[in-house]
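Taking it in order: structure first as structure tokens, then the write-up.
Whatever order the structure lists them in is the order used to number ligands and atoms, beginning at 1. Only this structure's heavy atoms are used, side chains among them; waters, hydrogens and symmetry mates stay out. What you see is a predicted model; the values in this text were computed from it and never measured.
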Amino acid sequence: MPDTRPKLTASPRNLDALIVGAGFSGLYQLHCLRERLGLAVQVLEAATGVGGTWYWNRYPGARCDSESHSYNYTFSRELLNEWEWSERYPEQAEILRYLNFVADRLDLRRDIFFNTRVAAANYDEGANQWRVSTADGREFRATYLITAVGCLSTTNIPDIPGLKSFAGDCHHTGNWPHAGVDFSGKRVGMLGTGSTGIQAAPVIAQGAAHLTVFQRTPNYSIPAHNAPLTPEFKRWVRENQDEIRAVMHSTPNGHPFRISSRRALATSAPERQAIYEAAWAKGGLQFRATFHDLLVDKAANDTAAEFIRARIREVVKAPRTAAALSDIDHPFATKRPPIDSGYFETFNRDNVTLVNLRDEPLECILPEGIRTRAGTYALDTLVLATGFDAMTGPLLGLNLTGRGGLTLARAWREGPRTYLGLQVEGFPNLFTVTGPGSPSVLVNMPVAIEQHVEWITDCIAHLRRSSIRSIEPDPQAVQQWVEKVNDAANATLLPQAGHSWYLGTNVPGKPRVFMPYAGGMARYRGICAEVAGRGYEGFHLTPDPADAHKGGQLRQA
Ligand code: NAP
């Protein structure tokens, strides 16, 4: 493999900024800091190429749930004009092509070190620098450290007895072999029925001799109705870029559609049914936008939940399988709602079996397959669609140590604590793009990413203009923000999922905390702008010693 690392030109030991990750966030952050602020900045990326999530998640059926015309950067008219999506929902390979196109178009590769995994990062208080060491023993130093590591990039491998003894191929969907996996003639077992498993099952079933889906928790899913984009739609997108962006910026979830102001329970049953049917026929996440109160009123939510359960029972022919798939016990959309291409229909195929782990709990994995209480299922290939150590996992994996030897693991032992999801107390000049406490995963990700990257860029510009040595959040501001994040979640049904990766309960031992900010992207954008407008209210700004006579430490809380 050719060495794609940039040559060590200027002194990399004293960079202005280091960015970890070359996905959507890292690429744009590099562009902003280099081109808008003229900083010496480099990106460290563990993979051999750009793409982040879309580099690693190459499993069969991998596709984005955001509609393609909203799943791209909007900051550049040139990029918007030069790129055209082919389908309603972009598939993984096309998104990866898009991010490579952006990297080329903005000439980003020259400042990215690929094959470079961060092993640890320590804040050197005396030098006011982050010292970042890599798994292969190199060291980088920079004033600002920006994590652009994604929210769903640390795979969750379940601790199932015997997993390592499995004699066949075993792959986690989030770390899928680049050469693909040949399922032909194979008996495939798949664990996991979240967004990933629901996308993968129909495609695996088409290629395998047999697919057995082991379901622990049934899930809602809305049909995607994916299709090639028509020339008319592409033209409409080109001609309405500003309007599309304005809608994405004004909605709570950053998608290019508005949430209805109707209330489900204030709508007559026949009309409500007609609205659900129309949304079902249209497909996609817009189903969630049919009524204003679905995520705040359990009785309203029940109407959507029951509508979906009825569709599952209609589609799936075998009554026992239909019952197991529709026996869903969390309110609709309190876990991230998947959208699918023929998921429930897949269970009507002769070569697909559903194993309901509620009836027959999984006991162990054997070299020859999976054993449940009811017996052994012989398998050649195992697919783990078992999700991620979300949001905190990728950050804790960087082994960050802040002021006074405080590790992030210690600072977050009871759950993540941030100010605005952007900064952590005790970790000066560290910025976390789409960190816990920001809307991130509840939002169409590029919208959340652009806002964070632009806020961080403006903040760093302010620090440099004002001769500020370091910035970190005030403890009181962090406490208030943590409470705001909790209040925002508790104002919705989201915590009622009982068990979800939003709450961290999918990873044994992880503190149970609702991690993203559920108050909505538009509101959050306003809060961040206000904080900046008030001179970075809630942050400690420490002036350079040379400027200390101008007023000592600036406390902006
Ligand atoms: P997930 O939603 O966390 O689902 C993991 C699945 O694995 C669950 O069904 C879980 O069951 C099951 N599981 C975990 N450990 C298990 C065990 N020991 N035994 C049996 N089953 C086990 O993960 P995901 O499907 O990868 O999705 C994560 C997120 O990634 C999504 O919510 C979404 O935000 C994002 N994503 C997006 C797209 C897209 O845009 N198209 C596609 C894929 C993923 P339990 O529920 O019982 O724990």
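Side-chain atoms of Lys510 and Thr505 form no donor-acceptor pair, as typed in the model, at a separation below 3.5 Å.
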Show me the donor-acceptor pairs within less than 3.5 Å that the side chains of residues 377-386 make with the rest of the protein, sequence neighbours left out.
residue: Tyr377; atom: OH; partner: Glu360; partner atom: OE1; Å: 2.9
residue: Tyr377; atom: OH; partner: Glu360; partner atom: OE2; Å: 3.2
residue: Asp380; atom: OD1; partner: Arg187; partner atom: NH2; Å: 2.7
residue: Asp380; atom: OD2; partner: Arg187; partner atom: N; Å: 2.7
residue: Asp380; atom: OD2; partner: Arg187; partner atom: NE; Å: 3.1
residue: Thr386; atom: OG1; partner: Asn156; partner atom: O; Å: 2.8

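For Cys364, the side chain to side chain contact (heavy atoms under 4.5 Å, CB included) test picks out Pro161, Leu366, Arg371, with sequence neighbours left out. Every residue two or more places apart in sequence or in another chain that forms a side chain to side chain donor-acceptor pair (under 3.5 Å) with His210 is listed here: Thr353.
Listed as neighbours of ligand 1 are Tyr59, Arg63, Cys64, Asp65, Leu152, Pro158, Ile160, Leu191, Gly192, Thr193, Gly194, Ser195, Thr196, Gln199, Arg216, Thr217, Lys335, Arg336, Leu357, Ala385, Thr386, Gly387, Phe388, His499, Trp501, each bearing a heavy atom under 4.0 Å from the ligand.
Aromatic ring centres of Phe101 and Trp83 lie closer together than 6.0 Å.
Geometrically, Arg309 does not engage Phe307 in a cation-pi contact defined by less than 6.0 Å to the ring centre and at most 45° from the axis.
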